[in-house]
Amino acid sequence: MGRLVLNQLSRSFKDVKAVDGISLEVQDGDFLVLLGPSGCGKTTLLRMIAGLLEPTSGTLELDGADITTAPSRRRDLAMVFQSYALYPHLSVAKNLAFPLTIRGMPRKDIAARVAQVAEMVEIGHLLDRKPKELSGGQRQRVAVARALVREPKAFLMDEPLSNLDAKLRTATRQELAALHRRLGATFIYVTHDQVEAMTMATRIALLKDGRLEQYGTPAELYDAPASVFAAGFMGSPAMNLMDARLASSNGSVTVMAPQLEAVLWPGATPERDVVLGIRPEHLVLHAAGSVAAAPTTGAALRGTVELTENLGREQLIHCRVGEHRLTATCPREQRWEEGAAVVLSAPASRLHLFDRESGRRLE
Ligand code: ATP
């Protein structure tokens, strides 16, 4: 069990609305990532879920029960802290046993439960070690195991990987995702790192200025970002964004921008100013004047190569297109000279359009 419902949850600090009317449902077994830039309200939201901070308004429900004002210890939620908060002088086994000893569980039952959890998290061989004799990733697993012995309804984590170096972060990320699949428990995880969100989450709640910008699966956020903000936040290198205008003539709608061949737009949207988005991996480079440079559908943008960057597996080609700088990824075998005149093309199905005023996606 671990189904959580947030209903118009808000929290203010004086005149700062840290969390502003967030509603969403977390299903049992979800790996929910609360994602967004620094200061968007992720930690405040997690602390309200954990019961460490009272909401200013709104309600919280866990498995059908209203827990809005329930104290933290009554919530059956386990917070796994960034520092892992393990007792340094106790062995792993004693660290795991600690929460059960406090509860007054009989010694025999404690030993059985510790053994069971150690097996689930694959730390049986580490039980006699002290925390300082563990790697960062192992410490992480012990912290999760210690939370697990209490059989919580959900695990809450606030940037648990931020203390680790890049290599260990990747390994621990994979380990955490595997652990989630094995346990089938609900995880709620705070990060500002979109790669962590894309790789581990079953659902992402993208926050901006305390509000929910988009809620969906990683693929939904990547393939159909709901706003210019979501489009720019998800993906590295970031989506190319440029100003354009939707214009209609003879019953069809076209996307117009300087340097852009007119593109037919399938939607029946009225004329307006828009932002056109194209991911770097969807842009194909052609030498200007080549036959391939004139697709019949989709975008074709005229520009000049400004800079090429070799990433090893592929290269990034940065191009000047009018007043914009666009980035395309392309195979390393292709040679593009700086200063070369090019056409960047993308099929119509790969174009994203957003209303310029509201920033919201047009369908
Ligand atoms: P980060 O990634 O930097 O940790 P965050 O997304 O977790 O950021 P929060 O820590 O939730 O953001 O903060 C959201 C907003 O609320 C920020 O503007 C922050 O300054 C403010 N805030 C958070 N806690 C307090 C507090 N105790 N008193 C006053 N303002 C606070």
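Each of L134 and F98 belongs to its own hydrophobic cluster when Ile, Leu, Val, Met, Phe, Trp and Tyr are linked at side-chain heavy-atom distances under 4.5 angstrom. Linking ILVMFWY residues whenever their side-chain heavy atoms come closer than 4.5 Å, directly or via other members, leaves V228 and L276 in distinct clusters.
Taking the side chain to side chain contact (heavy atoms under 4.5 Å, CB included) definition, one finds that R211 meets it with D20, sequence neighbours left out. Every residue two or more places apart in sequence or in another chain was checked for a side chain to side chain contact (heavy atoms under 4.5 Å, CB included) with A111, and none qualifies. A97 is linked by a side chain to side chain contact (heavy atoms under 4.5 Å, CB included) to T101, I110, V114, counting only residues two or more places apart in sequence or in another chain.
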Would you mind writing out the side-chain donor-acceptor pairs for residues 121-131 within the sub-3.5 Å range, not counting sequence neighbours?
from, atom 1, to, atom 2, distance (Å)
R129, NH1, E133, O, 3.2

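Residues T44 and R11 have side chains that never bring a donor and an acceptor to within less than 3.5 angstrom of each other. No side-chain donor from either of D193 and T191 sits under 3.5 Å from a side-chain acceptor of the other. One side chain, H286 or S345, offers a donor N or O that lies under 3.5 Å from an acceptor on the other. Counting only N and O atoms by type, the side chains of E314 and T329 include no donor and acceptor under 3.5 Å apart.
Shortest non-hydrogen contact noted between S12 and T56 is N-OG1, 2.8 Å. Closest approach of A197 to P218, counting heavy atoms only: O-CG, 4.2 Å. When all heavy atoms are compared, the tightest approach of Q214 to A226 is OE1-N, 2.8 Å. Between A201 and I204, the closest heavy-atom pair is CB-CG1, 3.7 Å. Nearest heavy-atom pair across P280 and P237 is CG-O, 3.8 Å. Heavy atoms only, all atoms of each residue included: Y222 and R279 are closest at O-NH2, 3.0 Å.
Remark: E281 CD to R350 CZ distance equals 8.0 Å, nearest 0.5 Å. Taking OG1 of T186 as the reference point, atom CG of D63 lies at 8.0 Å (rounded to 0.5 Å). Taken from CG in L62 to CZ in R74, the straight-line distance is 14.5 Å, to the nearest 0.5 Å. The CE atom of M48 lies 11.0 Å from the OG1 atom of T43; values are rounded to the nearest 0.5 Å. The OH atom of Y189 sits 6.0 Å away from the CG atom of L176 when rounded to the nearest 0.5 Å.
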Apply salt bridge (charged side-chain N to carboxylate O under 4.0 Å, His left out) to the pair R169 and E196, showing each step before the final yes or no. CA-CA 9 Å; R169 262 176 104 103; E196 280 181 22; 2.9 Å; yes
Yes or no on side-chain contact (heavy atoms from CB on, under 4.5 Å) for F187 and T202, after CA distance, side-chain angles and deciding distance? CA-CA 10 Å; F187 280 40; T202 57; over 6 Å; no
Evaluation steps, side-chain contact (heavy atoms from CB on, under 4.5 Å), between D355 and R272: CA-CA 8 Å; D355 180 76; R272 67 173 92 187; 3.0 Å; yes
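Residue-environment remark: CZ (R320) exceeds the threshold of 12 foreign heavy atoms within 6.0 Å. Remark: E119 CD is loosely packed, at most 12 non-hydrogen atoms of other residues, nucleotides or ligands lying under 6.0 Å away. Other residues, nucleotides and ligands contribute over 12 non-hydrogen atoms within 6.0 Å of the NZ atom of K153.
Between the side chain of Q8 and the main chain of S57, no donor-acceptor pair closer than 3.5 Å is present. The backbone N or O of H318 lies less than 3.5 Å from no partner atom in the side chain of T327, so there is not a single donor-acceptor pair. Side chain of N95 to main chain of L90: a donor-acceptor pair is present (N/O by atom type, distance under 3.5 Å, no hydrogens or angles). Under the 3.5 Å distance criterion, the side-chain polar atoms of R113 are left unmatched by any main-chain donor or acceptor of R150.
The hydrophobic side chain of V284 is isolated, with no ILVMFWY side chain under 4.5 Å apart from it.
Using a 4.5 Å cut-off on side-chain heavy atoms (C-beta onward), Y87 and K94 make no contact.
In this structure, F354 and H352 have parallel ring planes: the angle between them is below the 30° cut-off, well short of the 60° mark. Relative ring orientation between F31 and H180 is described as perpendicular, the plane-to-plane angle rising above 60° on a 0-90° scale split at 30° and 60°.
Paired with L60 under the rule side-chain contact (heavy atoms from CB on, under 4.5 Å), one option of V5, T69, L9 passes, and it is L9.
For residues 24-50, the pairs satisfying salt bridge (charged side-chain N to carboxylate O under 4.0 Å, His left out) are R3-E25, with sequence neighbours left out.
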